[in-house]
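A note on names: the letters A, B, ... follow the listed sequences, proteins ahead of strands, and every chain is numbered from 1.
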Amino acid sequence: MSNKPEGIERPVNFIRNIINDDLANHLHDRVCTRFPPEPNGYLHIGHAKSICLNFGLAEDYQGKCNLRFDDTNPAKEDVEYVESIKKDVRWLGFHWEGEPCYSSNYFEKFYQYAVELINKGLAYVCFLNAEETREYRGTLKEPGKNSPYRDTSPQENLALFEKMRAGGFKEGECVLRAKIDMASSFMCMRDPTLYRVRFEHHHQTGDEWCIYPMYDFAHCISDGIEGVTHSLCTLEFQDNRRIYDWLLDNLDDFSRPDRPHQYEFSRLNLEYTVMSKRKLHQLVSDKLVEGWDDPRMPTISGMRRRGYTPASVRDFAERIGISKVDSMTEMGILEAAVRDDLNKVAPRTMAVMDPIKVVIENYPEGEVEVIQAPIHPQNEAMGKREIFFSRELYIDRADFMEIAPNGKYQRLAINKEVRLRNAYIIKGERFETDVDGNFTTIYCSYDPETLGKNPADGRKVKGVIHFVEATKALPAEFRVYDRLFTVPNPGKAEDFESVLNPDSLIVKNGFVEPGMAEAPVEQAYQCEREGYFCRDNKINDRLVFNRTVALRDTWSQQK
RNA sequence: AGGACUGUGGCCAAGUGGUAAGGCAUCUGGUUUUGAUCCAGUGUACCGCAGGUUCGAAUCCUGCCAGUCCUGCCA
């Protein structure tokens with residue numbers, strides 16, 4: 001019964017089943033979701049999961065998904081975050097109609113709905129202080145007791161609430177509470193606070209208000225006002241669904257069968273990283289990372305800077321699916337998703353990150369040869385690029401050993417032949433070292449008849465290594481990133497900062513092909529045999545490349 | 001006896017009474033001027049455990065176990 005466009009087949013999940021049922025039963029004739037971040041931090045990959053779910057549903061059912069800033073707590077929020085959130089959602093490739101929504105847009109309506117509850121005898125102004133409120137609430141196993149202010153008349157409550165709005169009470173002096181059930185097994189139903197007094201400047205409404213609604217009150221009503229059909233949130237809000245339902249059912253505008261309903265799915269946990277906003281804030285403020293967009297951060301902006309593409313993030317979200325199981329997702333799924341995308345779209349290039357000089361002794365001195373190399377070996381249509389070859393080259397230190405350790409070794413060694421990628425076959429002849437025994441120069445010979453073809457005598461050369469011609473090579477910095485933490489679940493560590501990976505960033509200095517001089521920011525490249533890299537989007541006075549992810553390596557696993 | 005939710009191969013995840021999809025990872029071959037890609041193949045899953053209903057149960061019932069969440073004037 002879904003009217004999703006042909007060709008797009010997303011994996012099924014329990015939420016889609018619910019929507020399909022609702023549509024089939026004509027409970028709803030349209031789908032409206034929303035992504036409701038609080039603008040108090042940067043978006044991370046966990047939010048991306050939610051964004052893809054909510055906006056993806058809207059796309060598939062030709063419905064609508066609102067971007068809504070849940071800005072009911074001005075003390076913690078800032079426009080810096082609303083801007084970054086808009087940017088990140090757009091970058092992921094999703095769109096919202098018109099201006100984004102803000103809960104703060106509805107402050108006046110919220111106030112009127114609160115008045116409705118007061119008139120119905122379902123809300124009251126309570127003068128218990130925070131500590132007393134806690135005592136009155138009871139515990140998980142014992143019921144609470146009624147506030148002494150619980151039976152104030154609606155007329156009096158109305159006057160009190162007006163006075164709250166008018167600034168007649170100090171912060172903490174009183175709150176507006178729903179009158180529900182102090183014995184409920186759901187703690188959130190023990191007369192939850194609806195409004196508190198805060199003389200705080202709000203990033204959207206300025207100083208217009210000194211009372212601000214609580215999440216439980218604002219969220220369901222915002223959904224109702226916007227005509228949201230399916231309000232999707234994470235598991236920790238399961239209990240809150242009772243207050244969500246109670247409020248909508250007690251408000252005349254919303255107590256209809258087709259009112260919004262809340263459904264909960266499990267949040268994303270990714271191995272070797274943290275997802276809590278508090279911890280991410282801490283990493284930034286303790287300067288353990290460069291900032292919110294540090295490429296090691298699981299933030300959208302960090303992943304973008306690292307070289308992840310919107311397509312890869314969306315594909316990842318699709319691969320992990322949606323369920324209600326508390327789970328821990330392996331990094332491998334994320335990495336496989338980027339590799340799949342980048343393998344298809346990334347131009348190939350060669351970069352040497354830990355250079356050793358190679359001299360081809362039988363190559364004419366002073367000559368520089370131009371070679372046309374494919375930009376993508378599996379996609380001719382991407383064309384060719386010019387690379388260079390001469391008597392002096394750079395290869396990577398990891399690609400040479402004096403003596404091959406075993407028969408499986410496929411790289412350069414003395415008296416061993418190897419193919420230089422896109423160029424000739426060379427053979428190691430001799431080498432020089434420094435006083436510490438490190439190789440400084442390797443002298444080789446080349447077979448002039450092997451450019452673009454195999455040796456005529458039929459000898460097999462299995463190994464292929466990459467290189468950069470020395471005179472035209474451009475110096476470049478490579479930032480090789482690894483997991484931020486050393487343990488799979490750093491969030492559970494007593495002190496998560498103590499389990500940071502000291503090698504999460506290794507900076508290498510080497511060379512790239514001259515064609516990389518104008519590499520656009522964020523453009524993904526595959527440095528052949530090394531991995532996927534992109535030009536850093538912050539540093540522009542020199543060539544800095546961030547490693548997005550290494551190539552799949554089944555070889556080093558065997559060693 | 002506080003309540004809510006969850007438990008399907010190493011990791012995600014379909015499945016809603018008819019005899020266990022798929023992805024990632026793993027392993028094995030083949031192709032390959034990236035030890036990549038690509039292609040083909042690869043799993044004895046006590047479906048948390050124990051009972052029960054049924055011709056038949058991962059799916060229904062009962063009991064138990066384990067994990068997560070709930071006592072902010074945070075979201």
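- One N or O on the side chain of A/S266 and one on the backbone of A/V325 form a donor-acceptor pair closer than 3.5 Å.
- Comparing B/C70, B/C73, B/A14 against the side chain of A/D239 picks out B/C70 as the nearest.
- Between A/S323 and B/A13, a side-chain N or O to OP1/OP2 separation shorter than 4.0 Å is present.
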List the steps and the verdict of side-chain hydrogen bond (donor to acceptor under 3.5 Å, both in side chains) for A/S84 and A/D88. CA-CA 6 Å; A/S84 74; A/D88 288 346; 4.9 Å; no
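- When each of A/Y111, A/Y124, A/F169 is checked for a ring pair (Phe, Tyr, Trp, His ring centres under 6.0 Å) with A/F161, only A/Y111 meets the rule.
- Counting heavy atoms from C-beta outward, A/C527 and A/V512 have side chains that stay 4.5 Å or more apart.
- Checked by distance alone, A/Q378 brings a side-chain donor or acceptor within 3.5 Å of a matching partner on the base of B/A36.
- Residue side chain A/E530 does not reach the base of B/U34 through any donor-acceptor N/O pair under 3.5 Å, judged by distance alone.
- Within the 4.0 angstrom heavy-atom criterion, base atoms lie near A/L128.
- For the pair A/F237 and A/H376, both in contact range of RNA chain B, the more 5′-proximal nearest nucleotide belongs to A/H376.
- For the pair A/N129 and A/F14, both in contact range of RNA chain B, the more 5′-proximal nearest nucleotide belongs to A/F14.
- When heavy atoms are screened at a 4.0 angstrom cut-off, A/R419 is found touching base atoms of the nucleic acid.
- At the phosphate of B/U37, neither OP1 nor OP2 sits under 4.0 Å from any side-chain N or O atom of A/R339.
- Here the shortest heavy-atom pairing between A/I395 and A/L412 reads CD1-CD2, 4.0 Å.
- Between A/N269 and B/C12, a side-chain N or O to OP1/OP2 separation shorter than 4.0 Å is absent.
- Heavy atoms of A/I322 sit under 4.0 angstrom from primed sugar atoms or phosphate atoms, though from no base atom.
- In a base pair of the Watson-Crick type (N1 to N3 plus N6-O4 or O6-N4) or a G-U wobble (N1-O2 and O6-N3), with each distance short of 3.5 Å, B/U32 is matched with no nucleotide.
- Counting any heavy atom pair closer than 4.0 Å across all strands shown, A/G172 reaches a base atom.
- Spacing of C1' atoms, B/A50 relative to B/A57, comes out at 15 Å, to the nearest Å.
- The gap from the P atom of B/U42 to that of B/G22 amounts to 11 Å, rounded to the nearest Å.
- As a whole-Å value, the separation of A/I387 CD1 from B/U34 P is 14 Å.
- Across all strands, A/R529 comes closer than 4.0 Å to base atoms (heavy-atom distances).
- When the side-chain nitrogen and oxygen atoms of A/S185 are compared with OP1 and OP2 of B/A4, none of them lie within a distance under 4.0 Å.
- The closest donor-acceptor contact from the side chain of A/Y409 to the backbone of A/M401 lies under 3.5 Å.
- Nucleotides B/C49 and B/U26 are separated by 29 Å at their C1' atoms, to the nearest Å.
- With a glycosidic angle no further than 90° from 0, B/G72 counts as syn.
- A/I320 comes within contact range of the sugar-phosphate backbone alone, with a heavy-atom separation under 4.0 Å but no base atom that close.
- Taking side-chain N and O atoms only, A/R242 has no distance below 4.0 Å to OP1 or OP2 of B/C69.
- Nucleotide B/G41 has B/C27 as its partner under the Watson-Crick or G-U criteria, with both atom distances under 3.5 Å.
- Considering only heavy atoms from C-beta on, A/L342 stays 4.5 Å or farther from A/S312 through its side chain.
- Under the Watson-Crick or G-U wobble criterion, with both distances below 3.5 Å, B/G7 is paired with B/C65.
- Side-chain contact check for A/H219 versus A/C233: every heavy-atom pair is 4.5 Å or farther apart.
- Contacts of A/G452 with the nucleic acid, taken as non-hydrogen atoms under 4.0 Å apart, include base atoms.
- The P atoms of B/A14 and B/U28 are separated by 31 Å, rounded to the nearest whole Å.
- For B/G7, the base has no donor-acceptor partner in the side chain of A/D326 [N/O atoms by modelled type, under 3.5 angstrom].
- A/H44 places a side-chain N or O within donor-acceptor distance of the main-chain N or O of A/M275, the cut-off being under 3.5 Å.
- In this model, a side-chain donor or acceptor of A/R411 finds a partner on the base of B/G35 within 3.5 Å.
- Taking 4.0 angstrom as the limit, A/R190 places none of its side-chain polar atoms (N or O) nearer than this to OP1 or OP2 of B/C70.
- Across all strands shown, B/C47 has no partner, as no Watson-Crick or G-U wobble contact with both distances under 3.5 Å is found.
- The base of B/U34 lies close enough to the side chain of A/R348 for a donor and an acceptor atom to sit less than 3.5 Å apart.
- Rounded to a whole angstrom, the distance from the C1' atom of B/G15 to that of B/G30 is 35 Å.
- In this structure, the NE2 atom of A/H281 is 13 Å from the C1' atom of B/C74, given to the nearest Å.
- Searching all strands for a Watson-Crick or G-U wobble partner of B/C60 with both distances below 3.5 Å returns B/G52.
- No engagement by A/A337 is indicated, since no non-hydrogen atom pair under 4.0 Å with the nucleic acid exists.
- A/E271 places its CD atom 10 Å from the C1' atom of B/G10, with the value rounded to the nearest Å.
- Among the atoms of the strands shown, none is found under 4.0 Å from any heavy atom of A/N454.
- At a cut-off of 3.5 angstrom, counting only N and O atoms as typed in the model, there is no donor on one side facing an acceptor on the other between the side-chain of A/R177 and the base of B/C73.
- Look at A/R241 and you won't find any side-chain N or O under 4.0 angstrom from OP1 or OP2 of B/C70.
- As a whole-Å value, the separation of A/K277 NZ from B/G72 P is 21 Å.
- Distance noted for atom P between B/U37 and B/A25: 9 Å (whole Å).
- Side-chain atoms of A/E330 and base atoms of B/G10 include a donor and an acceptor less than 3.5 Å apart.
- Within the 3.5 Å criterion, the main-chain N or O of A/L232 finds a donor-acceptor partner in the side chain of A/R34.
- When the side-chain nitrogen and oxygen atoms of A/R10 are compared with OP1 and OP2 of B/A14, none of them lie within a distance under 4.0 Å.
- Taking atom P on both B/A58 and B/G7, the two are 16 Å apart, rounded to the nearest angstrom.
- For the C1' atoms, the distance from B/C47 to B/U59 is 10 Å, rounded to whole Å.
- A/Y215 does not qualify as a stacking partner of the B/A75 base, lacking a centre-to-centre distance under 5.5 Å together with planes within 30°.
- Between the NE2 atom of A/H466 and the P atom of B/U34 there is a distance of 13 Å, rounded to whole Å.
- Distance A/Q262 CD to B/C70 C1': 14 Å, rounded to the nearest Å.
- Close to B/A36, at under 4.0 Å from its OP1 or OP2, lies a side-chain N or O of A/T554.
- The phosphate of B/A75 (OP1 or OP2) has no side-chain N or O of A/R267 nearer than 4.0 angstrom.
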